[in-house]
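To start, the structure under review is shown below, and the notes come after it.
The basis for the numbers below is simple: all heavy atoms, side chains too, and nothing from hydrogens, waters or symmetry mates.
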Amino acid sequence: MQANPIPRWTALDHDPQRPAQARALAWLADSLDRDPRTLALVRDGHGRPCLQVDVDGDGIPDIDLNWSHSGELLLLAMGEGQRVGIDVERVRRRPRALDIARRFFHPDEVQWLQAQASDALAAAFTRLWCAKEALLKAHGRGIAFGLHRFALGERDGRLQLLAGCDGLAPADGWQLHELATRAGYHAALAWRPRRNRPVSAHTSATTR
């Protein structure tokens with residue numbers, strides 16, 4: 001994978017009473033030293049939230065924003081000139097992990113999961129799920145794109161994109177980092193250089 005700067009990210013306590021989108025925009029505004037009222041999110045043609053360009057007439061950086069929450073944890077990520085995706089999942093018992101993988105994952109990933117010890121399967125499945133979802137959130141189509149259409153594998157203790165497809169772009173265009181957040185959680189951050197500027201429609205957006 002090509003080296004490019006890791007997007008900025010942070011982990012916060014998740015408060016179900018405070019919408020994640022509002023907190024993401026507040027964090028972004030603080031990071032950019034801007035009035036949050038000058039920032040707005042819109043949806044692109046696939047429903048992906050994007051930062052609206054030129055909200056107040058003086059322009060904003062080419063920023064992408066993404067977030068995810070699970071249990072008591074909220075993760076936020078932003079990248080300039082990049083498409084970013086972040087995902088976090090709480091580790092829990094998954095008695096049907098292999099059944100789910102056989103139905104939805106790439107065959108190479110199923111083989112990797114089958115090789116895991118029984119007491120390590122839930123954590124391995126969660127690692128894989130987080131990494132795949134982070135990539136697909138950055139890609140822009142989400143899970144609807146198809147979890148089986150690309151494969152991740154472990155190399156030197158790190159998950160990497162091994163097999164891509166035309167719709168996901170070349171594998172060497174992507175960066176994938178697994179994030180250390182809190183005990184009991186797995187998280188991943190994915191990004192690639194942005195090819196197009198964000199949309200400028202005037203539709204509010206929400207996401208997980």
> Does the side chain of L73 come within less than 4.5 Å of H14's, by heavy atoms?
Replying inline: no
>> Could you check whether W191 and H177 have their ring centres less than 6.0 Å apart?
In response: yes
>> Counting C-beta onward and ignoring hydrogens, is there a side-chain heavy-atom pair between I63 and L28 closer than 4.5 Å?
In response: yes
> Is any side-chain heavy atom of Q175 closer than 4.5 Å to a side-chain heavy atom of I6?
Replying inline: no
>> Using the side-chain hydrogen bond (donor to acceptor under 3.5 Å, both in side chains) criterion, which residues pair with W9? Sequence neighbours excluded.
In response: none
>> Taking salt bridge (Lys or Arg N to Asp or Glu O under 4.0 Å) as the definition, give me every residue that meets it alongside R103, ordered by chain and number, with sequence neighbours left out.
In response: none
>> Could you work out, with salt bridge (Lys or Arg N to Asp or Glu O under 4.0 Å) as the rule, every residue matching D35, not counting sequence neighbours?
In response: R37
> Salt bridge between D64 and R48, side-chain N to carboxylate O under 4.0 Å?
Replying inline: yes
>> R127: which residues meet the side-chain hydrogen bond (donor to acceptor under 3.5 Å, both in side chains) condition with it, sequence neighbours left out?
In response: E154, E178
> Going by heavy atoms in the side chains, are L74 and T10 under 4.5 Å from each other?
Replying inline: no
> Between L189 and V91, is there a shared hydrophobic cluster once you connect ILVMFWY residues whose side-chain heavy atoms come closer than 4.5 Å?
Replying inline: no
>> Strictly by salt bridge (charged side-chain N to carboxylate O under 4.0 Å, His left out), give each pair with a member in residues 93-102 just once, sequence neighbours left out.
In response: D99-R102
> Would you say the side chain of F105 lies within less than 4.5 Å of the side chain of K132, judging by non-hydrogen atoms?
Replying inline: yes
> Got L41 and L25 here, is their nearest side-chain heavy-atom distance under 4.5 Å?
Replying inline: yes
>> So, using side-chain contact (heavy atoms from CB on, under 4.5 Å) as the criterion, who are the partners of A134 when residues are at least two apart?
In response: D87, A188, A190
> Who are the side-chain hydrogen bond (donor to acceptor under 3.5 Å, both in side chains) partners of D13, not counting sequence neighbours?
Replying inline: R182
>> I'd like to know if the side chain of R149 reaches the main chain of F145, judged simply by a donor and an acceptor atom lying under 3.5 Å from each other, with no hydrogens or angles considered.
In response: yes
> In chain order, what residues pass the side-chain contact (heavy atoms from CB on, under 4.5 Å) check against A29, with sequence neighbours excluded?
Replying inline: P36, L39
>> Using the salt bridge (Lys or Arg N to Asp or Glu O under 4.0 Å) criterion, which residues pair with R141? Sequence neighbours excluded.
In response: none
> Are side-chain heavy atoms of R155 and L162 found at a separation under 4.5 Å?
Replying inline: yes
>> Tell me whether E109 contacts the main-chain N or O of H106 through its side chain, where contact means a donor paired with an acceptor under 3.5 Å.
In response: yes
> So do the side chains of W174 and H139 get within less than 4.5 Å of each other, counting heavy atoms only?
Replying inline: yes
>> If the condition is side-chain hydrogen bond (donor to acceptor under 3.5 Å, both in side chains), which residues does S31 pass it with, not counting sequence neighbours?
In response: R8
